[in-house]
Enquirer: 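Here it is, the structure, as structure tokens.
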Amino acid sequence: MAWFKKQRATREKMLYSEGFPTAERPSYRAVLSALEMQLQAEWYLEIGSRTGTSLADRTCNFIAVDPDFSLGNNVFNKSETQFFFQEESDKFFARDFLSINKIVPELAFVDGMHLIEYILRDFRNAEASMSSDGVIALHDILPFNTRMTTRDLTALDKLDAWTGDVWKIIPILQRWRPDLTLEVIGAFKTGLLVVRNLDPNNRVLFDAETDILGAFQGTELSDYGPKTLFDSFELTAPATYIAAIEG
Ligand SMILES: C[S@@+](CC[C@H](N)C(=O)[O-])C[C@H]1O[C@@H](n2cnc3c(N)ncnc32)[C@H](O)[C@@H]1O
């Protein structure tokens with residue numbers, strides 16, 4: 001067992017490029033659980049669920065959206081009420097299911113298509129359905145090399161992990177939504193961005209979409225500069241973050 005763990009740690013270390021911060025255990029799932037507890041969430045919204053690994057941890061009611069569910073976890077374990085939408089998130093939000101049913105999620109987890117134009121839409125649509133006390137967590141904001149940030153979907157099966165260009169949501173929110181509070185958690189394996197101080201009526205990300213994508217969609221991390229990105233925020237270790245939440 002110790003040998004296996006050591007091998008795994010060595011393998012993981014080899015994937016990191018110089019200058020990229022290292023994510024630590026516990027994973028994003030433990031942070032999500034701490035947030036659920038902190039918010040005493042009644043409703044959780046998840047964009048991108050796949051096997052239901054992150055859903056299976058939830059104890060509150062949830063709405064899960066994924067065009068291609070492949071559930072392999074007991075997602076019915078702890079939660080009382082669940083809604084599944086097997087469709088793309090844009091279609092789900094266009095239904096207005098949440099407002100029609102007066103559901104205001106306290107916690108949302110964005111982990112769907114890892115391309116910035118999708119992440120931007122998922123973020124702003126989730127925010128519009130929440131209250132100012134809600135929290136949106138975005139997965140995969142901390143790549144550990146530039147290969148995994150590719151927008152080339154044909155290259156994915158050659159990668160150990162794909163974060164896509166989700167990292168861009170950090171500079172985008174820093175620039176266009178300075179009113180939000182951003183917390184970057186170095187949670188294993190590819191980080192978590194926790195966004196607070198939401199404003200469901202804010203239209204900036206809707207109105208400035210062309211400018212935002214014009215500035216960021218074609219930018220590669222290697223051109224933007226990993227140092228510029230990683231110097232732009234303070235990274236909090238997941239254990240520290242969870243301990244602060246749990247008091
Ligand atoms: C990384 S997986 C999600 C993993 C899961 N959240 C977890 O932590 O175990 C990403 C998922 O996003 C889904 N996805 C892809 N495009 C999407 C879209 N437009 N809307 C919602 N989900 C999408 C994929 O089908 C895939 O299952």
Side-chain angles (χ1 to χ4, degrees), residues 1-2 4-41 44 46-48 53-59 106-111 114 119 123 126 133-149 159-174 177-178 180-198 221 224-247:
M1 195 65 183
F4 175 76
K5 275 192 177 162
K6 203 170 159 200
Q7 286 292 311
R8 189 175 65 176
T10 311
R11 208 172 46 239
E12 283 166 2
K13 220 172 164 186
M14 281 166 56
L15 298 172
Y16 279 87
S17 290
E18 210 182 317
F20 283 69
T22 312
E24 297 171 23
R25 291 188 170 79
S27 79
Y28 70 102
R29 288 173 53 193
V31 179
L32 287 174
S33 293
L35 289 170
E36 181 188 343
M37 185 209 68
Q38 181 186 42
L39 296 162
Q40 299 191 349
Y44 165 81
E46 184 168 279
I47 306 299
T53 307
S54 40
L55 274 184
D57 294 332
R58 299 288 67 81
T59 62
E106 291 87 359
L107 177 61
F109 180 40
V110 174
D111 195 16
H114 294 0
I119 296 299
F123 177 82
D133 298 329
V135 169
I136 302 178
L138 298 103
H139 199 202
D140 296 313
I141 41 80
L142 216 56
F144 39 81
N145 56 53
T146 51
R147 292 185 303 281
M148 63 203 288
T149 65
L159 298 171
D160 294 297
W162 182 52
T163 59
D165 57 351
V166 180
W167 64 269
K168 294 173 184 170
I169 199 68
I170 296 178
I172 288 172
L173 296 181
Q174 286 169 336
R177 291 292 307 279
L180 296 169
T181 304
L182 309 184
E183 299 166 311
V184 185
I185 318 302
F188 191 79
K189 179 178 182 180
T190 46
L192 198 68
L193 174 66
V194 178
V195 185
R196 297 176 191 264
N197 198 30
L198 305 180
L221 181 55
Y224 184 81
K227 186 166 166 28
T228 307
L229 174 67
F230 299 130
D231 283 354
S232 77
F233 56 79
E234 208 172 294
L235 191 63
T236 305
T240 308
Y241 191 72
I242 292 169
I245 284 180
E246 291 176 348

Enquirer: Hey, could you give me the OH/OG1 distance between Y224 and T146, rounded to the nearest 0.5 Å?
Expert: 15.5 Å

Enquirer: So do L32 and Y44 actually touch side chain to side chain, heavy atoms under 4.5 Å?
Expert: yes

Enquirer: Take atom CD of E246 as the centre, draw a 6.0 Å sphere, and report whether it contains more than 12 heavy atoms from other residues, nucleotides or ligands.
Expert: yes

Enquirer: Hey, does L173 have a side-chain heavy atom less than 4.5 Å from the side chain of L193?
Expert: yes

Enquirer: In Å, rounded to the nearest 0.5 Å, how long is the span from CZ of F123 to CD1 of I136?
Expert: 4.0 Å

Enquirer: Does some side-chain heavy atom of L221 sit less than 4.5 Å from a side-chain heavy atom of P226?
Expert: yes

Enquirer: Ignoring hydrogens and angles, tell me if any N or O in the side chain of N145 forms a donor-acceptor pair with the backbone of L15 under 3.5 Å.
Expert: yes

Enquirer: How close do P238 and E24 get, counting heavy atoms only, and between which atoms?
Expert: CG-O, 3.3 Å

Enquirer: Do the non-hydrogen side-chain atoms of F233 and L182 ever get within less than 4.5 Å of each other?
Expert: no

Enquirer: Side chains of R177 and V195: does their closest heavy-atom pair fall under 4.5 Å?
Expert: no

Enquirer: Compare every heavy atom of Y16 with every heavy atom of A23, then report the nearest pair and how far apart it is.
Expert: N-OH, 3.1 Å

Enquirer: Indicate yes or no: at least one non-hydrogen side-chain atom of R196 is less than 4.5 angstrom from one of L35.
Expert: yes

Enquirer: Using 0.5 Å steps for rounding, measure from the CZ atom of F109 to the CG atom of L138.
Expert: 8.5 Å

Enquirer: Can you sort out the partners of S27 under side chain to side chain donor-acceptor pair (under 3.5 Å), two or more places apart, ordered by chain and number?
Expert: none

Enquirer: Test H139 against V166 for side chain to side chain contact (heavy atoms under 4.5 Å, CB included), laying out the working first.
Expert: CA-CA 8 Å; H139 199 202; V166 180; over 6 Å; no

Enquirer: Can you pull out every salt bridge (Lys or Arg N to Asp or Glu O under 4.0 Å) where at least one residue sits in residues 227-244? Sequence neighbours excluded, please.
Expert: K227-D231

Enquirer: Using every non-hydrogen atom in the two residues, find where G191 and I141 come nearest and quote the distance to one decimal.
Expert: C-CD1, 3.8 Å

Enquirer: Check whether any side-chain heavy atom of D160 sits under 4.5 Å from a side-chain heavy atom of F144, and report yes or no.
Expert: no

Enquirer: Hey, which of L142, T236, I242 is the one that makes side-chain contact (heavy atoms from CB on, under 4.5 Å) with I185?
Expert: T236

Enquirer: Can you sort out the partners of F20 under ring-ring contact (aromatic ring centres under 6.0 Å, His included), two or more places apart, ordered by chain and number?
Expert: F230

Enquirer: Enter the distance from I245:CD1 to T240:OG1 here, rounded to the nearest 0.5 Å.
Expert: 11.5 Å

Enquirer: Between T163 and H114, which heavy-atom pair has the shortest distance, and what is it?
Expert: O-CB, 3.6 Å

Enquirer: If you take all heavy atoms of E46 and S54, which pair is closest and at what distance?
Expert: OE1-OG, 2.9 Å

Enquirer: What I'd like to find out is whether the side chain of L180 reaches to under 4.5 Å of the side chain of L198, using heavy atoms alone.
Expert: yes

Enquirer: Counting distance only, does the side-chain N/O of E36 pair as donor-acceptor with the main-chain N or O of T59 below 3.5 Å?
Expert: yes

Enquirer: In Å and rounded to the nearest 0.5 Å, what is the CH2 to OG1 distance from W162 to T149?
Expert: 10.5 Å

